[in-house]
Visitor: 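Next up is a structure, given as structure tokens.
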Amino acid sequence: RMALALHRETGLPVQPGEILIDIPKPERWRTDVWVEYRNPPLGYSPLMSWLEVAGVSDDNLKRYEEHRRLIRVVTASHLRDAVHTRWERLLLPLMFGSAD
């Protein structure tokens with residue numbers, strides 16, 4: 001649909017496979033990890049959970065990963081500029097639904 005929308009908007013010919021969208025699969029984070037210190041830093045115990053040591057929970061890591069998850073749009077070179085200037089109009093309706 002992105003290729004068709006680009007063609008409608010620009011008149012450029014777009015062949016199958018000339019626009020690829022890479023949406024990474026969400027990661028599942030589990031930090032059921034224990035940290036053991038031979039000589040713990042001041043205020044630390046010899047055995048502590050990851051949350052106690054790093055202060056970062058599974059939910060924190062999930063939110064960070066979702067924020068940093070990059071969607072990549074790869075195009076044939078002759079479409080690069082057209083897609084670059086229109087990617088939001090072309091891609092966002094596919095992701096979040098469109099009015100048409």
Side-chain angles (χ1 to χ4, degrees):
R1 291 182 53 200
M2 188 172 177
L4 181 58
L6 180 65
H7 173 71
R8 284 181 184 158
E9 191 168 315
T10 64
L12 292 170
V14 183
Q15 299 301 315
E18 287 189 320
I19 299 177
L20 302 174
I21 303 170
D22 176 27
I23 303 174
K25 184 175 87 172
E27 296 290 332
R28 293 179 188 238
W29 289 95
R30 293 207 46 212
T31 54
D32 187 18
V33 174
W34 290 90
V35 179
E36 184 175 3
Y37 293 101
R38 182 175 298 146
N39 297 307
L42 184 62
Y44 282 45
S45 302
L47 184 63
M48 299 177 71
S49 72
W50 174 259
L51 178 60
E52 293 172 313
V53 171
V56 178
S57 69
D58 293 351
D59 286 339
N60 297 133
L61 290 171
K62 179 182 177 192
R63 277 194 303 277
Y64 173 78
E65 192 275 331
E66 287 173 351
H67 174 73
R68 291 294 306 149
R69 204 168 87 199
L70 301 176
I71 296 171
R72 292 179 289 256
V73 178
V74 181
T75 70
S77 60
H78 72 279
L79 301 174
R80 185 179 312 132
D81 291 337
V83 171
H84 178 74
T85 58
R86 296 169 177 84
W87 72 268
E88 288 181 87
R89 279 197 312 277
L90 298 170
L91 182 61
L92 295 182
L94 299 176
M95 295 176 61
F96 302 112
S98 66
D100 56 22

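Any value given below was found using the heavy atoms of this structure, including those in side chains, with hydrogens, waters and symmetry copies removed.
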Visitor: Say whether Leu79 and Leu20 are linked into one hydrophobic cluster, either directly or through other cluster members, by side-chain heavy-atom distances under 4.5 angstrom.
Guide: no
Visitor: Determine whether Leu6 and Ile19 make a side-chain contact, defined as any pair of heavy atoms from C-beta on separated by less than 4.5 Å.
Guide: yes
Visitor: Hydrophobic clusters here meaning ILVMFWY residues chained together by side-chain heavy-atom distances under 4.5 Å, can you tell me if Val33 and Tyr64 are in one?
Guide: no
Visitor: Restricting to side-chain contact (heavy atoms from CB on, under 4.5 Å), what partner residues turn up for Asn39, sequence neighbours left out?
Guide: none
Visitor: Counting heavy atoms not belonging to Tyr37, are there more than 12 under 6.0 Å from its OH?
Guide: yes
Visitor: Can you pull out every salt bridge (charged side-chain N to carboxylate O under 4.0 Å, His left out) where at least one residue sits in residues 70-88? Sequence neighbours excluded, please.
Guide: Glu9-Arg86, Asp22-Arg72
Visitor: Start with the C-alpha distance between Thr31 and Val56, add both sets of side-chain angles, then the distance that settles side chain to side chain contact (heavy atoms under 4.5 Å, CB included), and finish with yes or no.
Guide: CA-CA 9 Å; Thr31 54; Val56 178; over 6 Å; no
Visitor: Please list every donor-acceptor pair under 3.5 Å in which a side-chain atom of residues 41-54 meets a protein atom from a residue at least two apart or in another chain.
Guide:
residue, atom, partner, partner atom, Å
Ser49, OG, Glu52, N, 3.2
Ser49, OG, Glu52, OE1, 3.3
Glu52, OE1, Ser49, N, 2.8

Visitor: Going from CE on Met2 to CZ on Arg89, what distance comes out if it is rounded to the nearest 0.5 angstrom?
Guide: 11.0 Å
Visitor: Do Thr75 and His84 have side-chain heavy atoms sitting under 4.5 Å apart?
Guide: no
Visitor: Got a second to check how far Arg8's CZ is from Leu90's CG, nearest 0.5 Å?
Guide: 11.5 Å
Visitor: Would a hydrophobic clustering, with Ile, Leu, Val, Met, Phe, Trp and Tyr connected at side-chain separations under 4.5 Å, put Trp87 with Ile71?
Guide: yes
Visitor: Please round to the nearest 0.5 Å and tell me the distance separating atom NE2 of His78 and atom CD of Gln15.
Guide: 7.5 Å
Visitor: Measuring from Glu65:CD to Asn60:CG, what's the distance to the nearest 0.5 Å?
Guide: 13.5 Å
